[in-house]
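In this text the structure is predicted, and so the values were computed from the model without any measurement.
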Amino acid sequence: QPIAWQLHDKVSRVEELLANVLGSIRVDYELPERPQRYFRSRLLYPVKQDTDRQAVLGIFEYRSHHVIEIEECQTQDRWLTELGREVQVILRQLKIEGYHPNRRRGIAKAFWARLASGTGEVLAGLVTRPGEFHEGSEFATMLTAAAKKIPNPGRPRELVGVVHSISDRTDDFMLGDRHLPIRGRDYVVDRRDDLSFRVSAGSFYQIHSGAGALLYHPAIAMCGDVGGKTVIDGYGGVGAFGLRLAKLGARDVLVVEDNASSCRDAEHNAIENKLPQIKVQRASFTKAVLPKNVDVMVVDPPRSGLQRVGVDKVLAAQPKLLIYVACSAEPMAMDLKTLTANGYELTALRLCDLFPHTDHVELVARLVRRV
């Protein structure tokens with residue numbers, strides 16, 4: 001469907017869902033200037049095997065564990081899609097079998113790759129069950145050679161590292177718990193808004209290549225003038241919001257994040273960008289030690305939302321201005337209802353279409369503490 005139709009439907013559903021807290025406020029949004037294609041900057045393919053025990057990579061068929069090989073994906077970066085096709089060939093040549101959780105056979109669970117679209121750097125990894133990955137060095141060599149032969153889609157792409165990701169789980173979960181570099185680096189460097197972001201294999205980073213214009217710029221604008229103000233960046237990841245607010249003149253910025261890899265990246269990014277006012281606290285948001293009465297708090301929780309324990313943490317901290325970023329409307333609706341019943345007023349809501357051609361939405365709410 002045309003993006004204008006999609007956005008109309010998404011806005012209508014959000015306004016209906018949040019009718020009790022929106023009042024006279026309308027959901028703000030913008031139509032993109034360019035077609036929304038090839039924007040996804042992260043690939044994650046499960047590895048299975050066919051009847052001949054040959055590796056098969058692709059995307060799960062709807063409501064199935066049957067993998068469909070992908071020749072073209074109009075939402076995924078084209079270079080990454082070609083890299084995924086090359087990996088299937090390499091796994092077959094090396095006779096690396098897909099992991100079968102029931103039979104405890106095979107080793108490879110998934111292949112992933114992350115593109116830093118601001119620099120063109122790519123990091124890739126094979127997720128395996130625990131144990132030695134004897135073919136790791138040869139896999140990295142063949143993948144590096146294959147990557148050099150893939151035509152660049154207008155902008156240069158460079159594979160800067162190959163990682164062995166180890167999953168300790170015995171099911172089909174596709175993400176690794178540990179990441180060991182086989183060749184090159186175990187991180188990429190992205191450059192956005194005159195800032196440098198190191199993003200390691202185990203760290204979170206937005207996957208839409210246009211996230212700056214779609215999400216960060218509008219959300220930062222909702223913060224107003226932050227010069228000389230105190231800021232908390234909750235669920236802060238590698239410091240995507242915190243670094244931007246510090247660069248705009250915030251006096252003190254506290255990034256709260258419970259993922260160790262993201263914390264290390266956030267600390268590195270603060271030093272690399274010469275922003276000494278940033279401090280990083282490794283803790284879950286609900287258990288963090290937060291200063292009270294800060295000027296601005298940004299929270300970007302997972303799809304489950306803040307939930308009551310997270311909302312209570314916000315209420316206890318009493319930020320004067322709260323920017324709530326959500327990737328699911330239903331949990332946000334519940335959280336906003338509690339926040340507005342306990343001293344906060346919703347003053348703006350924006351739909352940021354980071355997931356075009358799907359039912360998913362990204363929302364940014366601006367709430368002000370009533371005096």
Are the aromatic ring centres of Phe60 and His66 under 6.0 angstrom apart? no
Can you name the residues that form a salt bridge (charged side-chain N to carboxylate O under 4.0 Å, His left out) with Asp9, not counting sequence neighbours? none
So His208 and Asp353, do their side chains get closer than 4.5 Å, heavy atoms only? no
Do other residues, nucleotides or ligands put more than 12 heavy atoms under 6.0 Å from Arg37 CZ? no
Compute whether any side-chain donor of one residue and acceptor of the other, for Arg192 and Ser117, lie under 3.5 angstrom apart. yes
Is the closest side-chain heavy-atom distance between Leu349 and Leu22 below 4.5 Å? yes
Given side-chain contact (heavy atoms from CB on, under 4.5 Å), test Arg114 with Val188 step by step and report yes or no. CA-CA 8 Å; Arg114 167 181 282 152; Val188 290; 4.1 Å; yes
Lys/Arg-Asp/Glu bridge criterion (N-O < 4.0 Å) met for Asp28, Arg350: yes
According to a hydrophobic-cluster definition based on side-chain heavy atoms being under 4.5 Å apart (Ile, Leu, Val, Met, Phe, Trp, Tyr only), do Val238 and Trp112 belong together? yes
Verify the neighbour count for atom NE2 of His8: are there more than 12 heavy atoms of other residues, nucleotides or ligands below 6.0 Å? no
Check: Lys320 and Val296 side chains under 4.5 Å, non-hydrogen atoms: no
Treating Lys337 as the side-chain partner and Met332 as the backbone partner, does any N or O pair qualify as donor plus acceptor under 3.5 Å? no
Leu7 CG to Glu30 CD distance, which is reported to the nearest 0.5 Å: 10.5 Å
With a cutoff of under 4.5 Å between side-chain heavy atoms, which Ile, Leu, Val, Met, Phe, Trp and Tyr residues group with Ile166? Leu180
Does a sphere of radius 6.0 Å around CZ in Arg370 hold more than 12 heavy atoms from other residues, nucleotides or ligands, not counting ones at 6.0 Å or beyond? yes
Within the 4.5 Å heavy-atom criterion, are Phe139 and Leu126 side-chain neighbours or not? yes
Are any side-chain N or O atoms of Arg157 and backbone N or O atoms of Asn152, one a donor and one an acceptor, separated by less than 3.5 Å? no
If we only count heavy atoms from C-beta on, is the Thr75 to Phe39 side-chain gap below 4.5 Å? yes
Going by atom types only, do Ser167 and Lys109 share a side-chain donor-acceptor pair under 3.5 Å? yes
If we ignore angles and hydrogens, is there a donor and acceptor under 3.5 Å between the side chains of Ser262 and Glu257? no
Measuring only between side-chain heavy atoms, which start at C-beta, is Val314 closer than 4.5 Å to Leu306? yes
Give a yes or no on whether Leu91 and Val56 share a hydrophobic cluster (residues Ile, Leu, Val, Met, Phe, Trp, Tyr; joining criterion: side-chain heavy atoms under 4.5 Å apart). no
Does any non-hydrogen side-chain atom of Ile232 lie less than 4.5 Å from one of Val298? no
Between Thr81 and Gln76, does the side-chain hydrogen bond (donor to acceptor under 3.5 Å, both in side chains) criterion hold? Intermediate values first, please. CA-CA 7 Å; Thr81 300; Gln76 184 168 263; 2.9 Å; yes
Testing the basics here: between Gly237 and Val255, what is the closest heavy-atom pair and its distance to 0.1 Å? O-CG1, 4.3 Å
Any side-chain donor paired with an acceptor under 3.5 Å for Tyr216 and Asp193? no
For the pair Lys313 (side chain) and Ala288 (backbone), establish whether a donor and an acceptor sit closer than 3.5 Å, ignoring hydrogens and angles. yes
When you check the side-chain N and O atoms of His357 and Gln6, is any donor under 3.5 Å from an acceptor? yes
Pairs satisfying side-chain hydrogen bond (donor to acceptor under 3.5 Å, both in side chains), at least one member in residues 176-185, at least two apart: Glu121-Arg185, Thr141-Arg183, Ser165-His179, Asp168-Arg178
I'd like to know if Arg26 and Glu15 make a salt bridge, using a cut-off of under 4.0 Å between side-chain N and carboxylate O. yes
Are Val280 and Ile271 connected into the same hydrophobic cluster when the rule is that any two of I, L, V, M, F, W, Y join if their side-chain heavy atoms are below 4.5 Å apart? no
Is it the case that the side chains of Ser41 and Asp77 hold a donor-acceptor pair, with the cut-off being a distance below 3.5 Å and no angle test? no
Is Asp295 reaching over with its side chain to a backbone N or O of Thr230, donor-acceptor style, under 3.5 angstrom? yes
Tell me who clusters with Val189, hydrophobic residues only, linked when side chains sit under 4.5 Å apart either directly or through other members. Tyr187
Would you say the side-chain atoms of Ser203 and Ser261 include a donor-acceptor pair closer than 3.5 Å? yes
Joint hydrophobic cluster, Leu83 plus Val127, side-chain heavy atoms closer than 4.5 Å: no
Looking at Glu16 and Arg13, does any basic side-chain N land under 4.0 Å from a carboxylate oxygen? no
Is there a side-chain contact (heavy atoms from CB on, under 4.5 Å) between Tyr324 and Leu336 once you walk through the steps? CA-CA 9 Å; Tyr324 183 167; Leu336 291 183; 4.1 Å; yes
Residue pair Arg264, Asn259: steps toward the side-chain hydrogen bond (donor to acceptor under 3.5 Å, both in side chains) verdict: CA-CA 9 Å; Arg264 290 191 294 269; Asn259 178 273; over 6 Å; no
Taking side chain as C-beta onward, heavy atoms only, is Arg366 less than 4.5 Å from Leu321? yes
Minimum heavy-atom distance between Cys327 and Pro301, given as atom pair plus value: SG-O, 4.4 Å
Quick check for you: to the nearest 0.5 Å, what is the distance between Leu351 atom CG and Glu362 atom CD? 9.0 Å
Minimum heavy-atom distance Leu214-Gln36, with the two atoms named: CD1-OE1, 4.3 Å
Would you find a donor on one side and an acceptor on the other, under 3.5 Å apart, between the side chain of Asp233 and the backbone of Gly242? yes
Is it true that Tyr45 and Val162 fall in one hydrophobic cluster, defined by side-chain heavy atoms closer than 4.5 Å? yes
What pair of heavy atoms forms the shortest contact from Gly161 to Leu123, and how long is it? O-CD1, 3.5 Å
Is there a donor-acceptor contact under 3.5 Å from the side chain of Glu135 to the main chain of Ile96? no
What I want to check is whether the side chains of Tyr205 and Asp190 have a donor and an acceptor closer together than 3.5 Å. yes
I'd like to check the salt bridge (charged side-chain N to carboxylate O under 4.0 Å, His left out) partners of Arg78; sequence neighbours left out, ordered by chain and number. none
Is it the case that Gln49 and Gln54 place a side-chain donor and acceptor less than 3.5 Å from each other? no
Taking the six-membered ring of Phe241, is the NZ or CZ of Arg244 close enough (under 6.0 Å from the centre) and on axis enough (within 45°)? no
Do the side chain of Gln88 and the main chain of Leu57 share a donor and acceptor less than 3.5 angstrom apart? yes
Hydrogens and angles aside, do Ser200 and Asp265 bring a side-chain donor and acceptor to less than 3.5 Å of each other? yes
Taken in chain and number order and not counting sequence neighbours, the residues that satisfy ring pair (Phe, Tyr, Trp, His ring centres under 6.0 Å) with Tyr235 are Phe285
Whether the side chain of Glu158 engages the backbone of Gly120 through a donor-acceptor N/O pair (distance < 3.5 Å, no angle test) should be reported. no
Does CD in Glu132 sit with more than 12 non-hydrogen atoms of other residues, nucleotides or ligands closer than 6.0 Å? no
